[in-house]
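For reference, the structure discussed in these notes is given below.
Position 1 is the first residue of the sequence, and the numbers go up from there.
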Amino acid sequence: MKVLFVDTNHPCLIDGLKQLGFECHEDYNSVKSEIESKIHQYHGLIIRSRFSIDEKFLKKATSLKFIGRVGAGLENIDIEFAKSKGISLLAAPEGNRNAVGEHALGMILALFNKLKKADSEIRKGIWLREDNRGIELEGKTIGLIGYGNMGKAFAKKLRGFDCEVICYDIKPDVGDENARQVDLEELFLKTEVLSLHTPQTELTRQMINATFLNQFEKNIYLINTARGSAVVTKDLVSAIKSGKVLGACLDVLEYEKASFENFFSNESTLPEDFQYLISSDKVLLSPHVAGWTVESKIKLAETILHKVAAMLDQHNSMK
């Protein structure tokens, strides 16, 4: 069987698929229409986020048996149509969940302790101790929305901080020893730090808006390492200005392209609300890299490899 790679990945994935008997081809530069013209030749497709896999593309993929996305989500694939064609969809949230958990923790600790502000000031010869007095995680209630791979990884990292961790998820009975599952009413009542760990769906798109934020009993901090589409930026900016949101850690942004690349392609058209975010010392930003570590690059590739191998084993056992 032949597999086409359209995004670069750790070489262990290609090496492993070859050992499983696949013929691997790489094409990292052709435009989508050129890939479409030859996708009928392939039984497997390995992607990250270079372009969407829509119905038009899938109709031409007449031999395709599986798509492996070397990442956590499948939102750039027409899932329902792919399943109707009998195509197996493989994602790898297990591969970067630890990286996301560490990144979320690092961001909130940096924001609480004003590390970005203090570092910038010292480099300018400014030494302000009282102005850079931080706050502690201990004793605070951390509310997580979404308690799958990413939420569980973050909750595990919080175990040593003596804070209460609660979680809300549309699935029942997902809580564990690291986070107690609650309903929205209790989430709104108790949360002091809100962290998002949701996939991109119609339910989560623009979920964090003015109406949602105003339901919290306390003024909160926000962490978003999930998807930028979950947060309405103008409503977040308004909430920061009013004090409802005390600070925000944003690894993802509403304005990102679907490929998560080249955000600054035209700096003259940066939205006004984003300009506020980049000028505020209450906001910490990173370029959609919460799941991008040296280790996660390997783990993501290995996860897809293991899932392809398991799929083959299942297929062979059914013969």
Donor-acceptor pair, side chain of Glu34 and main chain of Val31, under 3.5 angstrom: yes
Charged N-O contact under 4.0 Å between Asp131 and Lys114: no
Note: Glu202-Arg205 ion pair, threshold 4.0 Å (strictly below): yes
From CA spacing to verdict: salt bridge (charged side-chain N to carboxylate O under 4.0 Å, His left out), Lys60, Glu55: CA-CA 9 Å; Lys60 297 189 176 184; Glu55 181 176 334; over 6 Å; no
Shortest non-hydrogen separation from Ala110 to Leu284 and the atoms involved: CB-CD2, 3.8 Å
Hydrophobic cluster of Val294, others only, ordered by chain and residue number, side-chain cut-off 4.5 Å: none
Those residues that, when tested against Phe22, pass ring-ring contact (aromatic ring centres under 6.0 Å, His included) (two or more places apart): Phe66
Check: Asn209 side chain, Gln206 main-chain N or O, donor-acceptor pair, under 3.5 Å: yes
Centroid-centroid under 6.0 Å between Phe188 and Phe212 rings: yes
Residue pairs passing the side chain to side chain donor-acceptor pair (under 3.5 Å) test where at least one lies in residues 84-96, sequence neighbours excluded: Glu94-Lys307
Taking every non-hydrogen atom, the tightest pair across Ser30 and Arg50: O-NH1, 2.8 Å
Test: Lys299 and Glu302 ion pair at under 4.0 Å: no
